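Just below is one structure, and these are the notes that go with it.
Protein chains get the first letters and strands the later ones, always in sequence-line order, with residue 1 at the start of each. Since this is a predicted model, take the numbers as computed values, not measurements. Because only heavy atoms are used, hydrogens play no part in the values below, and waters and symmetry mates are left out as well, while side chains stay in.
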There are 2 protein chains.
Amino acid sequence: MMKKIQVILVDDHQLIRDGIKSLLQDAQQIEVINEASSAAELFQLLKCQKPDILILDVSLPGMSGIEITKVIQKEFPSIRVMILSMYIGEDFIFNALKAGARGYLHKNINSYELITAIEEINKGNEYFSTQVSDIILKSFVKKAHTGVKQGEEKEEILTSRELEILKLVAEGFSNPEIAEKLVISIRTVESHKTHIMQKLLLNTVADLVKFAIRNNIIEL
Amino acid sequence: MMKKIQVILVDDHQLIRDGIKSLLQDAQQIEVINEASSAAELFQLLKCQKPDILILDVSLPGMSGIEITKVIQKEFPSIRVMILSMYIGEDFIFNALKAGARGYLHKNINSYELITAIEEINKGNEYFSTQVSDIILKSFVKKAHTGVKQGEEKEEILTSRELEILKLVAEGFSNPEIAEKLVISIRTVESHKTHIMQKLLLNTVADLVKFAIRNNIIEL
DNA sequence: ATTTAATCTACGTGAAACACGGAGGAGGTT
DNA sequence: AACCTCCTCCGTGTTTCACGTAGATTAAAT
């Protein structure tokens, strides 16, 4: 008999994990060998088990799915990562792929598509759910029009201080409150904020909050 | 043979629906008779089918699970509503119960708990997942200490104009932009904003954005 | 050892936003 | 007619934003 495709499932909601496991039980060629609810748990598992495919939810407490993907690519390049997400923002998808993900599926897919995706990725191909590939195409077309080449994007990463301020801002603290907390001048807080906005290409606090939520910097 | 508990499942992500359906197939006493991905679809179904229990995701496009619950209570009081949510905010839970939900489960539960919950609710009892009941208890204790009686909460509902402004603010438009869009003065925009904050007991734009996301007023 | 780059810190200025309070008019209810 | 809600708008003082500038520290590169 053929070797089954071995999968580890990572999602912070047990109900979702149970559901997906249950779905995949119907697929004879796929075997969920283990599961994790956080990055820490996952890395613990990987000390003993190496799956063929890792199914990662993007939004995890602590380390985001995308960050995990980067680490996996570096430490265990033979493991193929498939991202499962509720969000289909362009930047999101782009960052996931840049991090080395082989597939990106929106949660609005059916079980058949999930199984197909796993099989394709296992073969070494890439797989995107319909909505996701639409967005990639649109983005490509748009970039072609505006003359921006793929990959010329923001590679900016926030410094730890900036991340700290981003978090506090998104949590709803005012500048004076943040200044007091961190024992720095209000102007400094403003400076950091400005830099953050510039780096992330964000224009409003609203966008900043959304960014923080999507990247699991704060809880919703 | 005993009549099965008939369930309709409402969630906007098909993968989640498929997963839960698959889980519930193992429970002989429960039957998922139909499913919907939006409020509109659900009400269409309810014209022909009346389930015993409705499993509702809180965050749905268009009408939130809580709003749906209210309508269900009014139109079909015999149907029992169970809320399934990723969020366990106090206000959230409180509003769901006030709307008439019989249960509130965090998605971080296992399949066994889900089945138990359905059975309990079907018997006419209420059911809350562990984390949820913790929050209810804490809230109760806190209110007892501060002397606020249960139910004395905000019952404020936003006017349509306010909702319109809330949406634009959360989407990231500045006051002048909103004023121009709606052809009103900037001061008026500010007034609406102030009223919204007062009604929702929010203090910052960050909170406002989060509120808008949780209540599906904007997309993340 | 010197240069270079990155980071954290801070300020000045004018425009925009916020908090607080007041108020008039349109439209519906009692 | 009196009442209420909602939408509209303003005054005033404080805070934040946008944009530019810049000193201090530190780490990496040559």
Between [X] ([atom1]) and [N] ([atom2]), how many Å, whole number?
| X | N | atom1 | atom2 | value |
| --- | --- | --- | --- | --- |
| A:Q198 | C:dC8 | CD | P | 14 Å |
| B:L202 | C:dC18 | CG | P | 13 Å |
| A:I196 | D:dA18 | CD1 | P | 12 Å |
| B:D207 | C:dC18 | CG | P | 13 Å |
| B:E180 | C:dA16 | CD | P | 13 Å |
| B:E162 | D:dC6 | CD | C1' | 8 Å |
| B:E177 | C:dA17 | CD | C1' | 13 Å |
| B:H195 | D:dC7 | NE2 | C1' | 9 Å |

Measure from the side chain of [X], starting at C-beta and using heavy atoms only, and say which of [options] lies closest.
| X | options | answer |
| --- | --- | --- |
| A:R161 | C:dC8, C:dA10, D:dC7 | C:dC8 |
| B:S160 | C:dT9, D:dC7, C:dA17 | D:dC7 |
| A:N175 | D:dC17, D:dT8, D:dC6 | D:dC17 |
| B:E190 | C:dC18, C:dC8, D:dC7 | C:dC18 |
| A:I184 | D:dT8, D:dC17, C:dA10 | C:dA10 |
| A:S185 | D:dT16, D:dC7, C:dA10 | C:dA10 |

task = Could you give me the CA-CA distance, side-chain angles and deciding distance for B:K199 and B:I196, then say whether side-chain contact (heavy atoms from CB on, under 4.5 Å) is met?
result = CA-CA 5 Å; B:K199 283 187 178 179; B:I196 294 168; 5.9 Å; no
Could you tell me whether [X] contacts a base, only the sugar-phosphate backbone, or nothing, with contacts defined as non-hydrogen atoms closer than 4.0 Å?
| X | answer |
| --- | --- |
| A:S174 | sugar-phosphate |
| B:V205 | sugar-phosphate |
| A:T159 | sugar-phosphate |

query = Do the side chains of B:D52 and B:V7 get nearer than 4.5 Å, heavy atoms only?
reply = no
inquiry  = Under 3.5 Å, is there a donor on one side chain and an acceptor on the other for B:S129 and B:Y104?
reply    = no
query = Without hydrogens or angle criteria, can the side chains of A:N34 and A:Q49 be said to hold a donor-acceptor pair below 3.5 Å?
reply = yes
Is any side-chain N or O of [X] closer than 4.0 Å to OP1 or OP2 of [N]?
| X | N | result |
| --- | --- | --- |
| B:H192 | D:dT8 | yes |
| B:K193 | C:dA17 | no |
| B:T194 | C:dA19 | no |

message = Quick check: on DNA chain D, is the nucleotide nearest A:I186 upstream (toward 5') of the one nearest B:T188, or the reverse? Name the residue that is more 5'.
response = B:T188
message = So for atom NZ, which belongs to A:K50, do other residues, nucleotides or ligands contribute more than 12 heavy atoms lying within a distance under 6.0 Å?
response = yes
message = Working note: B:K107 + B:D57, criterion salt bridge (Lys or Arg N to Asp or Glu O under 4.0 Å); need CA distance, chi angles, decisive distance, verdict.
response = CA-CA 10 Å; B:K107 278 189 179 168; B:D57 186 85; 2.7 Å; yes
ask   = Got a donor-acceptor pair under 3.5 Å from the side chain of B:S191 to the base of D:dC9?
value = yes
message = Determine whether a donor-acceptor pair (one donor, one acceptor, N or O, separation below 3.5 Å) exists between the side chain of A:R187 and the base of C:dT13.
response = yes
